[in-house]
Amino acid sequence: NDVIVALNKEEIQNCVNTANKAAQKHKIKHEVLSTVNSLLSDEASPEELVKTLARNDAELPEVVEDTPVVYYVELRKLKDEKEEDLTHDELSAALRDFQPLATVNHHLLTNGDSDELWKALQHEKLAVENLQDENASVVCEALKEAKLQHEYLTVAAMQPVIDRVNKDIKEENDRIAAVDNFNAALS
């Protein structure tokens, strides 16, 4: 009842080659993960961390390479909270979660297009509140100014800036409306 399948030399070699490639990919992933965890434990440079994260063979989500401090600080916090090394899955998930924050900081860093910055601010993973389209240009300029005082802006640092701009614009609009009403009453 047992069926015996005979493989020829070429079929066996193909199986061995496939297994070797899989083992090599796993080894590289392990080496990258070990390097990342080591860089997060040491006083390594954020640039070195991002260079490691950006390796094509690391099988990690894409990173915004000109915002290394975002990744370094946020991953270090995550690792410190966990009190042990990050796994490949945890690292991948964290990189996906930090992508919107890194993108916003990229636009702030490069003093980029305000439309792109506004779009990046609206990413649901950022959970930035009170974004009012009519205030977009003023909010973007205020965030660019706030960025000058920080290595990078977290959502916690952005939110008060956004709220202040909204409040200032509302107060200005209320003053204009009051003047208009006063002028209309005098007419």
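All figures in this text were calculated on a predicted structure; none of them were measured in a lab.
- Listed by first and then second residue, the salt bridge (charged side-chain N to carboxylate O under 4.0 Å, His left out) pairs involving residues 152-169 are Arg164-Asp168, Lys167-Glu171 (not counting sequence neighbours).
- Taking Glu31 as the reference, Lys27 meet the salt bridge (Lys or Arg N to Asp or Glu O under 4.0 Å) condition, with sequence neighbours excluded.
- Residues Ala127 and Gln159 share a closest heavy-atom pair of O-OE1, 4.5 Å.
- Listed by chain and number, the residues in a salt bridge (Lys or Arg N to Asp or Glu O under 4.0 Å) with Asp66 amount to none (sequence neighbours excluded).
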In residues 91-101, what donor-acceptor pairs under 3.5 Å come from side-chain atoms, sequence neighbours left out?
{"unit_1": "Ser92", "atom_1": "OG", "unit_2": "His88", "atom_2": "O", "d": "3.0"}
{"unit_1": "Asp97", "atom_1": "OD1", "unit_2": "Lys125", "atom_2": "NZ", "d": "3.3"}

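- Residues that satisfy the salt bridge (Lys or Arg N to Asp or Glu O under 4.0 Å) test with Asp174, not counting sequence neighbours, are Lys170.
- Contacts of Lys147 classified as side chain to side chain donor-acceptor pair (under 3.5 Å), with partners at least two apart in sequence or in another chain: none.
- Under the salt bridge (Lys or Arg N to Asp or Glu O under 4.0 Å) criterion, Glu116 pairs with no residue at all, not counting sequence neighbours.
- With sequence neighbours excluded, the residues forming a side chain to side chain donor-acceptor pair (under 3.5 Å) with Ser114 are Lys144, listed by chain and number.
- Residues satisfying the side chain to side chain donor-acceptor pair (under 3.5 Å) test with Gln122, not counting sequence neighbours, are none.
- Side-chain contact, Trp118 with Asp113: no donor N or O sits under 3.5 Å from an acceptor N or O.
- In this structure, Thr52 and Leu39 approach most closely via the heavy-atom pair OG1-CD1, 3.7 Å.
- In this structure Lys82 satisfies the side chain to side chain donor-acceptor pair (under 3.5 Å) test together with Glu90, sequence neighbours excluded.
- With Ser45 contributing its side chain and Glu48 its backbone, the two residues share a donor-acceptor pair below 3.5 Å.
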Name the atoms and distances for all side-chain donor-acceptor pairs under 3.5 Å in residues 8-24, with sequence neighbours left out.
{"unit_1": "Asn8", "atom_1": "OD1", "unit_2": "Glu10", "atom_2": "N", "d": "3.0"}
{"unit_1": "Asn8", "atom_1": "OD1", "unit_2": "Glu11", "atom_2": "N", "d": "2.8"}
{"unit_1": "Glu11", "atom_1": "OE1", "unit_2": "Asn8", "atom_2": "N", "d": "2.9"}
{"unit_1": "Gln13", "atom_1": "NE2", "unit_2": "Asn17", "atom_2": "OD1", "d": "2.9"}
{"unit_1": "Asn14", "atom_1": "ND2", "unit_2": "Glu10", "atom_2": "O", "d": "3.4"}
{"unit_1": "Asn17", "atom_1": "ND2", "unit_2": "Gln13", "atom_2": "O", "d": "3.4"}
{"unit_1": "Thr18", "atom_1": "OG1", "unit_2": "Asn14", "atom_2": "O", "d": "2.9"}
{"unit_1": "Asn20", "atom_1": "ND2", "unit_2": "Val16", "atom_2": "O", "d": "3.4"}

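- Atom CD1 of Ile4 is surrounded by 12 or fewer heavy atoms from other residues, nucleotides or ligands within 6.0 Å.
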Please tabulate, for the side chains in residues 55-62, all donor-acceptor contacts under 3.5 angstrom to protein atoms that are two or more places apart in sequence or on a different chain.
{"unit_1": "Arg55", "atom_1": "NE", "unit_2": "Asp57", "atom_2": "OD1", "d": "2.9"}
{"unit_1": "Arg55", "atom_1": "NH2", "unit_2": "Asp57", "atom_2": "OD1", "d": "3.2"}
{"unit_1": "Arg55", "atom_1": "NH2", "unit_2": "Asp57", "atom_2": "OD2", "d": "2.9"}

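- Side chain of Asn166 to backbone of Asn130: a donor-acceptor contact under 3.5 angstrom is found.
- Leu126 approaches Val104 most closely through the heavy-atom pair CD1-CG2, 3.5 Å.
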